[in-house]
Amino acid sequence: MTRWLDQFFQLSQQKTTIRREVVAGLTTFFTMAYIVAVNPAILKSAGIPLEASVTATILTAIFGTLLMGLYANRPFAIAPYMGENAFIAFTVVGVLGYSWQSALGAVLLAGIVFILLTVFRLRKWMVDAIPLTLRYSYAVGIGLFLTFIGLNETGIVALGFPGAPVRPGHLTSAGVLLSIFGFLLMTVLSIRRFPAAILTGVLATALLCFVTGVAPAPAGWMSRPPSLSPIFLKFDLHRIFTWGFFPVVLTIFVIAFVDTMGTLIGVSARAGFLDKDGNLPQIERPMLADALATTFAALIGTTTSGAFIESATGVEAGGRTISASARVHVSRLPWRMGPPAPDRHRVGCLAPGRRNDCRDRWV
């Protein structure tokens, strides 16, 4: 069995082991599982039913991540993007007044366009046309964005007053102290090159949250998923053929393109997948998995999906192959809500910025 797994997953070729891939997959899962709760909560503001949205989020992550592993053989996990969900809920629906069904139609169109651009290799040409320093910088920007979300959600910083965007949180509260403890624990373990540093920090912090009462322990670990029927195939394509709706489609397309490119290049730089010119070999494969996941997401009722920057945590834990992605896929099946993870993994997403040449005019 071990020999078969090694040949099938090309473990020896990637200089990794089954144990390391299992730890990497679990690490990625725990650091991005927040999306299962956050994405439906944001989309609820647009009128999308919460329970069905949870199911759609999980199914999209399973479909995309498994496809990424089996087809692209890369340790990149896929799920609905942060940022795009807020744009659709608060701008497209909340400000512009379009229905969430029309917004899903725009996501579906963007996914189909991505598939065509990938198949005809135009998407790779677009990536190659962007200076390498900018490609690295996109990954850094995504990392900073998620770092701020994590610091805000854990209470280390809070939204500020007029003239000051942020202010210190209640740094003596139990929740903040536990978050800081988790951050320091993961940092120390990472410095000491402990192979499951991030996973250990997340689990230890979660356990302490349950013991101290900072976060309630889950009432159950498994349950029957809510029905998809309220949102399944509910997209509306009538609006996408109007000029007034064109900026919405274009914005979704641009955001998703930049997110995917930044994540693939940034995580690949961390994993050592890039060639001497800074390009990812066979980048069309993960891009096609990303495009198919976005199309699938619109069909079952959720927003733009793609490779998650949190995949860098699995790479940091040693994940290099399909099996790390498969572990994320399997882990999502019995998922239940838990406490937020600390932010060590998001800070790690800033590492690609070290590759930039500060003398480059694009920096």
Side-chain angles (χ1 to χ4, degrees), residues 32-58 60-61 78-111 114 138 141-155 157-167 169 230-231 234-240 242-260 262-263 293-294 297-306 308-310 337 340 346:
M32 64 180 289
Y34 70 90
I35 196 63
V36 181
V38 174
N39 187 57
I42 292 176
L43 296 181
K44 183 181 179 181
S45 304
I48 298 179
L50 179 66
E51 293 79 8
S53 185
V54 170
T55 303
T57 301
I58 295 175
T60 299
I78 287 181
Y81 277 134
M82 288 293 295
E84 283 87 333
N85 50 13
F87 171 71
I88 286 175
F90 303 128
T91 302
V92 177
V93 177
V95 176
L96 300 179
Y98 293 109
S99 66
W100 60 265
Q101 291 89 343
S102 297
L104 291 182
V107 174
L108 178 61
L109 178 61
F114 276 137
Y138 288 135
I142 296 171
L144 286 171
F145 171 64
L146 292 175
T147 298
F148 175 76
I149 291 177
L151 291 173
N152 181 255
E153 289 297 319
T154 55
V157 301
L159 298 181
F161 304 101
V166 295
R167 58 182 173 84
I231 58 176
K234 298 296 183 181
F235 57 87
D236 180 10
L237 298 178
H238 293 91
R239 288 281 189 177
I240 66 176
T242 61
W243 279 111
F245 201 67
F246 176 74
V248 174
V249 178
L250 180 62
T251 301
I252 292 175
F253 176 86
V254 171
I255 295 176
F257 173 79
V258 170
D259 267 352
T260 300
T263 298
T294 291
L299 292 175
I300 67 171
T302 192
T303 51
T304 314
S305 301
F308 253 48
I309 197 72
E310 281 86 350
M337 179 60 184
R346 287 158 182 149

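Quantities reported herein were computed from a predicted structural model and do not represent experimental measurements.
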Might you point out which heavy atoms bring [X] and [Y] nearest each other, and give the distance in Å?
X: Ile48; Y: Ser53; value: CG2-CB, 4.0 Å
X: Ile240; Y: Ala106; value: CG2-N, 3.9 Å
X: Gln101; Y: Lys234; value: CG-O, 3.0 Å
X: Glu310; Y: Tyr34; value: OE2-OH, 2.7 Å
X: Ala158; Y: Asn152; value: CA-ND2, 3.8 Å
X: Ala293; Y: Ile78; value: CB-CG2, 3.7 Å

Practice item. Step by step, work out the side chain to side chain contact (heavy atoms under 4.5 Å, CB included) result for Leu43 and Trp100. Key: CA-CA 9 Å; Leu43 296 181; Trp100 60 265; over 6 Å; no
Interatomic distance, [X] atom [atom1] to [Y] atom [atom2] [nearest 0.5 angstrom]:
X: Phe308; Y: Met32; atom1: CZ; atom2: CE; result: 4.5 Å
X: Ile231; Y: Ile300; atom1: CD1; atom2: CD1; result: 7.0 Å
X: Phe245; Y: Leu96; atom1: CZ; atom2: CG; result: 8.5 Å

Exercise for review: Apply side chain to side chain contact (heavy atoms under 4.5 Å, CB included) to Phe253 and Leu109, showing your working.
Suggested key: CA-CA 9 Å; Phe253 176 86; Leu109 178 61; over 6 Å; no
**Study point:** Worked check of side chain to side chain contact (heavy atoms under 4.5 Å, CB included) between Val92 and Phe87
**Key:** CA-CA 6 Å; Val92 177; Phe87 171 71; 3.5 Å; yes
Study note, to complete from the structure: side-chain hydrogen bond (donor to acceptor under 3.5 Å, both in side chains) with Tyr81: of Thr294, Thr304, Asp259, Thr260, only one passes, and it is Thr260
Review point. Does Phe246 CZ have over 12 foreign heavy atoms under 6.0 Å away?
Key: no
Point to revise | Backbone of Ala89 reached by a side-chain donor or acceptor of Thr91 within 3.5 Å | key: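 No; zero donor-acceptor contacts below 3.5 Å.
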Exercise for review: Return the set of residues passing side-chain hydrogen bond (donor to acceptor under 3.5 Å, both in side chains) with Asn85 (not counting sequence neighbours), or none when no residue passes.
Suggested key: Asn39
Point to revise | Identified side-chain contact (heavy atoms from CB on, under 4.5 Å) partner of Ile252 from the options Ile255, Val254, Val248 | key: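 One option only clears the test, and that one is Val248.
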Practice item. Measure the shortest side-chain to side-chain distance between Ile88 and Val107 over non-hydrogen atoms and say whether it is less than 4.5 angstrom. Key: yes
Practice item. Give the intermediate values and the outcome of side chain to side chain contact (heavy atoms under 4.5 Å, CB included) for residues Val54 and Val36. Key: CA-CA 6 Å; Val54 170; Val36 181; 4.1 Å; yes
